[in-house]
Structures are given as structure tokens and as C-alpha cells.
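This report concerns only the one structure given below.
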Amino acid sequence: MNSKNNYIYIVNTLDLDTHLENVAFHNLIAIDTETTGLCPHTNKIRLLQISCESEPTLIIDLFKTEVTDLLIKILASEHITKIFHNGIFDIQMLWGAGIPVSPPYFDTQLASILVDNGLGLTHSLKVVTHRHLGIELDKTEQDSNWSVPKLTSEQLDYAAEDALVLLPLERELSKKIKNLKLERARDIEFGCLTGAAMLEFKGMKLDLPQLKVLQKEYSELKKKLKAELENSLQLDDVSNSTTLPLFPSEYKTKINLNSHHQVKKAFNLLGVPLTSTDKDHLSIYIGQNELIQKFVDYRKANDYLTKYLNKLERFINPKTGRIHTSVFQIGAATGRMSVRNPPLQQIPNNTKFRSLFVPEEGYDLIVADYSQMELRIIAEVCGDETLTLAYQQGLDIHSLTASVILDKPLDQVTKEDRRLAKPVNFGLVYGMMPASLVVYARSNYGVAIAQKEAEEISAKFFKRFPGLLEWHKQIKSQNTKIVRTLSGRIRKWSYPAPFTEAVNTPVQGLNADITKLAVSLLWAPLIKYDACIIALVHDEIVVEVPHAHAVETRNLVVELMQQAGSTFLRHIPCVVDAAICKSWAEKA
DNA sequence: TCAGAGTGCGCC
DNA sequence: AAACGGCGCACGCTGA
């Protein structure tokens, strides 16, 4: 595609409004930016390109042009759909430049992911344009220097083309969305986009002094455990040698505790027949050798340090003083969001770690989450009568399962019984086999079950929840390469979907749909309270809000999360727990 | 020597 | 026939 002579390069403010007047009549415009870097808080927009049907592409040089009221009016207009590719980036860059762009949006990257979800395809503009339009884009100028005083004609051509191509791309992707009946999923994603951008843009505040306290605590713990383990775990089998070395430590090769290979060997030498060193296997021998527990503790301390405690500080943005994680709005094949750098969805869920995340002075956090969302979704999707009735009656589902598998009345179920039931519920609903349940219950819930017992539990469980069993059978018989959630969102496979994935996807995926719908309902009303979503962890939403508005905001969050949930849960009550907190650690 | 698969584990 | 799923990240190890 040659866009030469098909763009207007605008370098002074007077020209800008003249050319924008035509744009204002359109209801669909494509937007792209070229920036001096990737950070909306510290980098700048050099070029803002606007393209619409039958008009030359406008390339606005923001180093030479003032932002006019008309430009703002267009970008903030609720009558004009703005097409972006990876809009979460451009939107934040515009906000960073003080330009209040707002929906409606069409994001060609999100659209591309939606139509080919799960196949592991690339969704860069270059690849998407080739896949859907058969057009080869030349991206050689993409990483060129956009700060130079005089841009080259190659740079301007490139800038124009990237915006221009979004128009046919939108048409093609809209057609495919319609053909695949993905309109509902599209609306959820595009509606959620602003909230996702706000989350990333706003960031989270970290209690840095407390981080350092925790870092020191775990460094010392790790050091202590490391010394003890290195002393006791040896790689060379000295027990068989006839002569002992004078100074054993000088002969020994010091063990690397981060090498599972070496650790396995060392424990084998001590008579612990490990076949693997993951915590499932280690937990078998935990009472047999005290070094097992020490090693588990070492791993945890090491993990906490290398992944979180030693890493978080470097993510604090110099301009905002906050942590801005990278959001991938459709980051998982199921439709879930993922975030990275840092992985804020994987911060250890204990008071020490979660209390590191705090509101600004004068603000509170609203920590809200869906109660047992996945199990409720399963009840909705499989339609099992017993499960449905239990939720409708407000019964505790883990206690119910405990009574089923232990053959005792509900009112005689103890806390211990309930603890046994949790891994049974979480495992069996997704098709876990008895053998795995044994390991899963021991390793994650400290519950000891024998193989035979697990088989009986499984049998009783499915006898009592026949709708669930029927649902599993139905999925097994389907042998399909495509699975949908109730919103219509799809996940594709290039081969018949494995049973366990086919079971999990509509559940995990609908949870994502519901949370994203909640975000799309929430972000605008939150603005009125100067409140903002700052974290999403699949079924949990964290909002930062001025203290004065905390109560109304909490009520609003609960109401809209429930509304989102009830949109899809038609037979099962949707329960949201929410609390006003001084850190992420507190819960409802 | 270096990319990449493998192991392991944090969260939901 | 058999199977709980989805992520991001660290790091020792392998093989070209």
C-alpha cells in the first residue's frame, strides 16, 4: 500500500482545525500515535494520526502544534468510534499528553484475538493486517527516532499507513465478529478497555519502607535455611568411602539448592526416595526427614525474594511514584486478563505481602470479590438440580459436599469435614481423577486421602450431582475444536479440545466475561467519586477512592459487580464481598 | 555460547 | 484411554 500524497502533515495550529472540521462529520475514525517511548508518564507523543473514510490521513505533529478544543472534542466525542490497534497504549499516551480521549472504541488487536482466540497466533498490526487483508506493512520505521526535529518522508509514510490500514481492518474484523456471533464478547472487551487503561495508567502505591523490612526478614531467613541445608545436603556419597577427608567441607562440592536435580540426588543419598522435588512429592516425606520442611521453606523464601521482594521497587515509576503493571486484556486463551512487569496477580495472598499495597494519603481501598464464582458458574452451566437448589437456598457448598461424601447430615458437618470437601469440589468439577485428588488434597489442603477413599468420594460426589456428571459426559462426546462461554466468547484449538480444557474454558472464561463486564459498568461511575480500579485478579476488583466517598463507592462496586454477575447467572445467586480497607490485605 | 524446553511455584 | 484449568517468572540444564 502506498500512502504517498495521501496524507496531510500538519505542523501549525492554524491548519489543524481547518482539516479537523471534515473529521468531525465522521462517526468512525482511525487513530494511531508515534511516540518517543512506551511510558505515558515520561514519554511524549510526536505524531497523532487520524484517518477516516474518503479523507486524506492527517498527521499532526504535536511537537509543533497546540492541542485545540476541536481535536479534544473529536477524541472525546461519544458519537465517534475511535479505531485503535492495541488502544490501551495509545489511549494512555493521549491521557499522558492531557488529551481526554474516550469511548466508543474499536480495537483491532482485541478483535483479532477474539476471532482467533486460543490458536496462539500473533496479533501485531503487521501480522493481523497480513492475515485479514493480505497486505504487507513495512514496519522498518516503527522504532526509528521520533524525537528528531525533521522527520523523514519514510517516517511520515509509515505513520500515515498505520492509521489508514485500520479502516479496512475494522470492516473485515467486524464482518468476522458478526459471522462468529462474537458481538456480545466484543462489547464486553471494548467496554472494558477504558477501565483496563485506567488501571494501568493509575497504578498502585507501594509501602516502600515496609517492603524493605520484609525484604530484610526474608533475606535473613533464606540465609539461615541455606546454610543449614548446604551443611546437611551433600552431593558426594562419603558414607561408602574407607577414608574420611580431614576437612570434609573442602572435598565436598557445595550443593546448588536451586537445582532440583542436585536436590533430588542429595535427598536420595539420605534415603529419601524422591522422584521429583516439587511440593507434591516433598509433602509425602515431610514427616520423615526434617530437612524436607526446611527445604520447602527455603524454596518459598527464595521465591518470595527473587520474584517479588527484590523486584518490586524497580517498577516504581519515577514520575508517578506508583507501580504500573502491563495489562494484557485478553492475556489467556480462556479470555482472562493477564498482567506482567510486575506480576501483580500473583502477589502472595497473605497479610505481609498484600499489606504492602496501600492507598494514597486521604484515600481508601475497596477490596471486592465474587464469592465462589467458578463453582456458581458450573452450577449455572451444567444445570445440576441439587447444586442449583443449594445455591438458591444459600447453603455452604463445601459443607454440602462434605455431608454427601461422608454420609452425614448437613448440621453434623465439622470444620475438618469441610476442609476435606474443598479439594473435592475444586478438583472433581473439572474432571480430576481420584489419583490426582489424593495428591491435590494432600499438597494443597493438607488433607490425607487414600486412593480407594478418593474413588469412593468421587463416586458419591457424582451420584449426588448427576447434572454435573451428565455435563462432563456431554463434553467428552462433543469432540469439538471450538468452545464458547455464555457470552459467546470462543476458544479454538487446531485439534479436538482435550476434555479437561473443554470443561474448564466455559467456566474460567465466563468468570472473565463477568469481571470484565463489571469493569465496563464501573469505570465511568467511579470517576464521579474520583475513584479508580487499580487491580483486577480474575474475580477480585480493587478500587482506590477518596476516604469521603468510600461508603458510596463500596455500595456501587457491590451493586454493579452483582449486576454483571446476574447478567449471566440466571439461576444462581451472585454474591459479592466488599470492604473498605487501608491496604490490600484486609478482606470482607 | 545461547536460545529454548523443562521444572517448579506464586496467584485465581 | 486418560485428563483440573489459566497465567508470569526464575533458573539450572540441554543441545545445536
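Quick note: numbers below take in every heavy atom, side chains included, and nothing from hydrogens, waters or symmetry partners. In what follows, chains carry the letters A, B, and so on, assigned in the order in which the sequence lines appear, proteins first and then strands, with residues in each chain numbered from 1.
- The CD atom of A:Gln215 lies 10.5 Å from the CG atom of A:Leu356; values are rounded to the nearest 0.5 Å.
- Here the separation of C:dA2 from B:dG10, taken at their C1' atoms, is 28 Å to the nearest Å.
- Using a 4.5 Å heavy-atom cutoff, the side chains of A:Val483 and A:Ile490 are not in contact.
- Within residues 483-517 of chain A, the residues having any heavy atom closer than 4.0 Å to DNA chain C are, in order of number, A:Arg491, A:Phe499, A:Thr500, A:Glu501, A:Asn504, A:Gln508.
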As a quick check of understanding, evaluate side chain to side chain contact (heavy atoms under 4.5 Å, CB included) for A:Val127 and A:Leu121, giving each step before the final call.
CA-CA 9 Å; A:Val127 171; A:Leu121 303 182; over 6 Å; no
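- We find that CG of A:Asn425 is positioned 16 Å from C1' of C:dG5, with the value rounded to whole Å.
- Panel note: side chain A:Trp471, backbone A:Ile378; no donor-acceptor pair is recorded below 3.5 Å.
- Across the C1' atoms, B:dG4 and C:dA10 are found 14 Å apart, a figure rounded to whole Å.
- Ionic pairing of A:Lys202 and A:Glu544 is not present here: no N-O contact between side-chain nitrogen and carboxylate oxygen is shorter than 4.0 angstrom.
- Extent of DNA chain B lying under 4.0 Å from chain A heavy atoms, first and last nucleotide in 5' to 3' order, is B:dT7 to B:dC12.
- Side-chain atoms of A:Gln329 and A:Glu189 form a donor-acceptor pair, as typed in the model, at a separation below 3.5 Å.
- Atom pair A:Trp471:CH2 and C:dC4:P shows a separation of 15 Å (rounding to whole Å applied).
- As rounded to whole Å, 16 Å separates atom C1' of C:dG6 from atom CG of A:Leu536.
- A distance-only check finds no donor-acceptor pair linking the side chain of A:Asn317 to the backbone of A:Arg322 [under 3.5 Å].
- Using a 4.0 Å heavy-atom criterion, one finds that A:Tyr308 contacts the sugar-phosphate atoms exclusively.
- The residue A:Ile347 sits close only to the backbone: its heavy atoms come under 4.0 Å of sugar-phosphate atoms, none of a base.
- Side-chain N/O atoms of A:Ser436 include one lying less than 4.0 angstrom from OP1 or OP2 on C:dC4.
- Residues A:Phe461 and A:Asn425 are in side-chain contact: their nearest non-hydrogen atoms beyond the backbone lie under 4.5 Å apart.
- Among the atoms of the strands shown, base atoms are found under 4.0 Å from some heavy atom of A:Arg336.
- Straight-line distance from the CG atom of A:Asn117 to the C1' atom of C:dC7: 14 Å, rounded to whole Å.
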Full working for ring-ring contact (aromatic ring centres under 6.0 Å, His included) between A:Phe201 and A:His41:
CA-CA 8 Å; A:Phe201 193 74; A:His41 307 287; 4.6 Å; yes
For nucleotides 10-16 of chain C, just jot down a letter per nucleotide in 5' to 3' order: B, S or -, based on protein non-hydrogen atoms under 4.0 Å.
SSSS---
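- Under the 4.5 Å side-chain criterion, counting only non-hydrogen atoms from C-beta, A:Asp364 is in contact with A:Lys582.
- Residue A:Glu228 forms a salt bridge (charged side-chain N to carboxylate O under 4.0 Å, His left out) with just one option from A:Lys223, A:Lys294, A:Lys222, and that option is A:Lys294.
- The residue A:Lys264 sits apart from the nucleic acid: no heavy atom pair falls under 4.0 Å.
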